[in-house]
Structure formats: structure tokens, C-alpha cells
Protein chains: 2
Amino acid sequence: MDDWLKDSDEVGPSWLTVDLAIFTLRDDQLMVLLVERGLDPFHGMPAMPGGYVQKNETLRDGALRELAEEAGIDGSRLHLEQLGAYADPGRDPRGRVVTVAYLALGPDLPAPVGGTDAARAFWAPAAHLEDGTLTLAFDHQAILTEALEEVRRKIEYTAAATAFCAETFTLRDLRTVYQVIWDQQLDPSNFRRKILNTTGFVQPTGDQWLPPTGRPAALYRRGQAWLLNPPLLRATTTGSRG
Amino acid sequence: MDDWLKDSDEVGPSWLTVDLAIFTLRDDQLMVLLVERGLDPFHGMPAMPGGYVQKNETLRDGALRELAEEAGIDGSRLHLEQLGAYADPGRDPRGRVVTVAYLALGPDLPAPVGGTDAARAFWAPAAHLEDGTLTLAFDHQAILTEALEEVRRKIEYTAAATAFCAETFTLRDLRTVYQVIWDQQLDPSNFRRKILNTTGFVQPTGDQWLPPTGRPAALYRRGQAWLLNPPLLRATTTGSRG
DNA sequence: GCAAAAGTGTTCACTCTACACCCATGC
DNA sequence: GCATGGGTGTAGAGTGAACACTTTTGC
């Protein structure tokens, strides 16, 4: 890290961007936010929201700013976490562009409204990332596919699923998050016990929610725990569990 | 990501480096590789091995090259994985330097020998990262502390522990890895069953290893599985498990 | 035989799953 | 009452921790 000044032929400057993998649940589907590119390269193609990091700005601050600018979303109430850096020499035709991908998870986020760049933003089903329906700019297809798998794994070991719920939520709401993301049904009674036996996962508010029909459901909010102990493992076809 | 050219006042170029968190087991201790800095800033202080990424080089290739240059280690046989990007504006007094940290795990690596920069390299006990014994350059203390916690978590959910073992190893060798990294004793018989019941974790070679005293032990090599299913959870004081 | 370490068996408690059952609400 | 969904109970299978026991080597 010492001598990058003396050998600028081989090293050279690079440009730093953040790109956002924003997931939410809408209509019982996992959705990802995309923007349509307005400039070359990849003009007109869908891409991850993102942009350059400014001087004197941390990566996280840059991600929060882009969240507001490109997606019209106030990031202060959603979960934001770094996924990784992507910097392959050929990934951007304009030169060495390093992008740091961030994962953002939020409750049923609004349809992006006009404003700055948000007019070009739209929600797409996350399933389309894996079935070949979508073709994205740069290496964004690969990044988002990794992000999607990370989400599926993350809700096993952490309380990340609560990030998809509103401030208060019923256990049914939380269960729906798991069912949609894992695409598998979960037994309501056993799910209930698992969650409540995992200390710090959720805490009861004391309030109730009245469904259109049926018994009222207790409301909860996120607990203080983030790492789940024990984790909430999804059923797998492979592996030694039934 | 479109318009970074037109607003160079606020954006500006950055410099891209990779830094390495290299862990190994030596004398039943988890050790981390450090180098003594030969230049300002932080002249004379210990730091992570690392350096700038060259043009037309992927991050991974840069990490492998620095592994050879700064640590004298052939990276082809050890586990290498990206940890994350660090780019806080103040982290390097010379300007915006983005570093991508890589985690490298290997079996009892040799003491670094003279060569290029490797003469300044040395192994330090990983425990010193957390007890205040060490003071490192830049934000390397924080990066390595995160890396250490990541190692402890990683061997729960993945077969990363095998990366600390040689090509072939006994179950005792593998158990020692867990015991050292988690700093807790594990029951040999139960450990044995857990490992062998986790399909694809290890596979028997058919050979044996003869200990100085005692019954010969079967030798194994890594299996094809990376994600463990079920995971191998360490005992925690908190949490709902006994 | 003795010591040491590998490897097996067994017990007991706890956890997980499936599913029956009861409870609280709107109509 | 009936339908609907929340919430509890329970039997049986499975898992995990503790530890006794057997096996294989060197001396």
C-alpha cells in the first residue's frame, strides 16, 4: 500500500460507486428495485440503482444518499448492509470502476415516484433474476443473483426477516416473509413456537390486530437480537435432516 | 453511475488496494500474519499485508499476487475469500484509498522468509487483536477483529475448518482446529459422529496415521460440500440451547 | 500388561414435526 | 350457529451431550 505513486503506469486511479440490491415484499412476492439506464453504456437496459461515492462520504452514506436520490426511499428505517466489492477490469467499458454492492431490505416499499432519477425506477419479481427473464447492465445480474441467495441464507441465521415487516407485525406476517422468500410452506404452530423460543427475536407490544375474519392476533416488534441462536433452518432436499 | 465525469469536484478518483487477513494454526494457536511498515504513514507499525491492485487485474488476482509478494505464500492451495470493502474518507491520510479485505486460511504456513517484502512479515497470535496488545496502522485493527469473528462464525456453517488442515488429516486434527479457534473443548466421540454424519464434509482416504502412542487414526481429506447441513454450532452461554 | 488414543454403544433429556384440538372474533 | 384464523397440547421420531466401554497400537 506504499508505493502506488511511483508506478502509475501499472496502477492508475479508479472510480468508486455503490450499487444497491433493494428487496421488498409486495403482493406476497419478493421484489427487487431496478432502474432503466438513461445513458450509455447499456442505455435503456435495466440496472441496479446506484452511483458514484462523493469525496468525504463513507460507503454507507453514499448508499443512503443513492437510496433517496435514485429510488426515492428514506433509508433510515430499513436494513442496510454491505455485500461486497466488484472490480473486475472488464466490468465497465469506461475503465476501472470499483462498485461496492449494498443489500437493502424494507417493508412493502412504495412504488417509486417521480423526483430525481426515481421516475425510471420499477419493481421486478426477484424470481426473474434466476429464470432468465431479465437481462441487466454491467455485471448486475450476477451481483443480484448473489444478493438473492444471501437474503435466503440471511433470514436463517439472523433476524433479517423482521426488516421486511412494518414497525409492528403479527407472527403470520413474519411467517409469510419466510414462506415467500424460501418458497415453502411452514407450519403455523411450530413456526410460532420457534420464534417465541428464540430469545430476543421478537417482543410483544401488548396490542392486537383484528383480521377480517378470525381471532385477533398479537402484535410484535423486532427484539434486540440479531444473530439467531439456534438458527431457523429451511428444509433442504439434500443434507441429513428430514 | 452515469455522470461521474461531469462533477469531478465532488467525486474525484480513488486508489484501490487489497489487504489480507491471513490466518493459520501454529503450535495450537491461531496466528495472523502482519508486516512492519517501511514507509510513512505509520512507518514502523505493524499492518496487514497488502498493496495496490494493478490495472487489468481482478481483486482476487491482486490478493494472490500480494500473498506471494508480501508474505511469500503460494495462494493456490489455501482458501481465499472476500471480506468486504473499507473506504472511509479518513482511513488513509494520503487521500481516498479503497481497500478490499480478503480472508486467507491455510494449514501451518511456514515462517515468512526473506525475499521481496516478506522479510518484514511475522506471525502474531490472533488473540492479541482483541486484548489490546497490538496497535495496527490505518483501520487494520478493526478489519482484523472483524475478520477473526468471521472465522469463528465461518467454521460453524461451512467446511472452512478443513482449510487449516493439510491435504490429509485425522479427525483429531480437525477437532483441534475447532478447539483452538473457539477456545473450548469438544467431546471427541460426539465430534466424530457430527462430522461423519454431515454428508460431504470429509471423505476417508483409506490410509492411516500412526500416532506416537495409541491406536492408528483414519485419514481423511476435504469432501465436496462447503455449506454444512446441519451446521456445527458452538456452545453459547446465551441462547436457548442447553 | 500398561498407557494412550481411536472408535463404538448406550442412556437420558431435549427438540422438532405432524396434527388434533381449543379459543376468539365477525357474520 | 358457522367460518376463519390464532393459539395450545401432545405423541413419536430424531438429535445431542455425557460417558462407559472396546479396540489397536507402542513400549
Side-chain angles (χ1 to χ4, degrees), chain A residues 28 156-157 165 168-180 182 184-199 201-221 228-242, chain B residues 28 155-157 165 168-179 182 184-199 201-221 228-242:
Chain A
D28 286 0
E156 289 189 292
Y157 302 120
C165 297
T168 64
F169 51 87
T170 64
L171 291 180
R172 160 177 285 265
D173 295 333
L174 188 60
R175 181 164 51 90
T176 301
V177 173
Y178 280 94
Q179 294 186 153
V180 167
W182 286 347
Q184 64 183 216
Q185 294 302 113
L186 298 174
D187 182 291
S189 23
N190 294 333
F191 180 81
R192 169 191 188 73
R193 257 180 299 238
K194 267 191 191 177
I195 301 298
L196 297 182
N197 284 337
T198 304
T199 51
F201 196 164
V202 298
Q203 53 187 191
T205 65
D207 295 332
Q208 289 193 328
W209 178 78
L210 287 94
T213 169
R215 178 173 171 175
L219 282 169
Y220 298 84
R221 61 167 51 91
L228 299 187
N229 209 276
L232 208 76
L233 301 176
R234 56 186 144 163
T236 47
T237 43
T238 63
S240 51
R241 267 177 197 279
Chain B
D28 285 359
I155 61 173
E156 288 190 292
Y157 302 120
C165 297
T168 64
F169 50 88
T170 64
L171 292 180
R172 160 178 284 262
D173 294 333
L174 188 60
R175 180 164 51 89
T176 302
V177 173
Y178 280 94
Q179 295 186 154
W182 287 345
Q184 65 183 217
Q185 293 303 113
L186 299 174
D187 182 289
S189 23
N190 293 334
F191 180 81
R192 170 193 185 73
R193 256 180 301 239
K194 269 191 189 175
I195 302 298
L196 297 183
N197 284 336
T198 304
T199 51
F201 196 163
V202 298
Q203 52 186 194
T205 65
D207 293 334
Q208 290 193 327
W209 178 78
L210 286 94
T213 169
R215 178 171 169 174
L219 282 169
Y220 297 84
R221 60 168 51 91
L228 298 187
N229 209 277
L232 208 75
L233 301 175
R234 54 187 147 163
T236 48
T237 42
T238 65
S240 53
R241 269 178 195 278

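A, B, ... follow the sequence lines: proteins, then strands. Residue 1 opens every chain.
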Nearest-angstrom distance from the residue atom [atom1] of [X] to [atom2] of [N]:
X: A:Trp209; N: C:dG26; atom1: CH2; atom2: P; result: 12 Å
X: B:Asp173; N: C:dG7; atom1: CG; atom2: P; result: 11 Å
X: A:Leu219; N: C:dT25; atom1: CG; atom2: C1'; result: 15 Å
X: B:Leu232; N: D:dT15; atom1: CG; atom2: C1'; result: 13 Å
X: B:Gln184; N: D:dA17; atom1: CD; atom2: P; result: 10 Å
X: A:Arg175; N: D:dG7; atom1: CZ; atom2: P; result: 11 Å
X: B:Leu174; N: C:dA6; atom1: CG; atom2: C1'; result: 15 Å
X: A:Leu233; N: D:dG14; atom1: CG; atom2: P; result: 18 Å

Return the [atom1] to [atom2] distance between [X] and [Y], rounded to the nearest 0.5 Å.
X: A:Leu232; Y: A:Tyr157; atom1: CG; atom2: OH; result: 11.0 Å
X: B:Gln203; Y: B:Leu219; atom1: CD; atom2: CG; result: 12.5 Å
X: B:Thr205; Y: B:Tyr220; atom1: OG1; atom2: OH; result: 8.5 Å

### Query
Is any side-chain N or O of A:Arg172 closer than 4.0 Å to OP1 or OP2 of D:dG6?
yes
### Summary
Ranking C:dA6, D:dG6, D:dG26 by distance to the side chain of B:Leu210, first place goes to D:dG26
## Note on the structure
Residue pair A:Gly214/B:Leu171 against DNA chain C: nearer the 5' end by closest nucleotide is B:Leu171
### Task
Verify, without hydrogens or angle tests, whether A:Glu156 (side chain) and A:Pro231 (backbone) share a donor-acceptor contact under 3.5 angstrom.
no
#### Entry: Of residues 187-196 of chain B, the positions that come close to DNA chain C - non-hydrogen atoms, cut-off under 4.0 Å
B:Ser189, B:Arg192, B:Arg193
#### Entry: Steps toward side chain to side chain contact (heavy atoms under 4.5 Å, CB included) verdict (B:Lys194, B:Phe201)
CA-CA 10 Å; B:Lys194 269 191 189 175; B:Phe201 196 163; over 6 Å; no
### Task
Record whether the side chain of B:Arg215 comes under 3.5 Å of the base of C:dA6 through a donor-acceptor pair of N or O atoms.
yes
Do any side-chain atoms of residues 170-177 of chain A form donor-acceptor pairs under 3.5 angstrom with protein atoms, and if so which ones, sequence neighbours left out?
| from | atom 1 | to | atom 2 | distance (Å) |
| --- | --- | --- | --- | --- |
| A:Thr170 | OG1 | A:Arg172 | N | 3.4 |
| A:Thr170 | OG1 | A:Asp173 | N | 3.1 |
| A:Thr170 | OG1 | A:Asp173 | OD2 | 3.2 |
| A:Asp173 | OD2 | A:Thr170 | N | 3.0 |
| A:Arg175 | NH1 | A:Gln179 | OE1 | 3.3 |
| A:Thr176 | OG1 | A:Arg172 | O | 2.8 |

### Task
Would you classify A:Pro211 as touching base, sugar-phosphate or nothing, given that sugar-phosphate means primed atoms plus P, OP1 and OP2, and contacts are heavy atoms under 4.0 Å?
nothing
### Task
Using a 4.5 Å cut-off on heavy atoms from C-beta on, say whether the side chain of A:Arg193 contacts that of A:Ser189.
yes
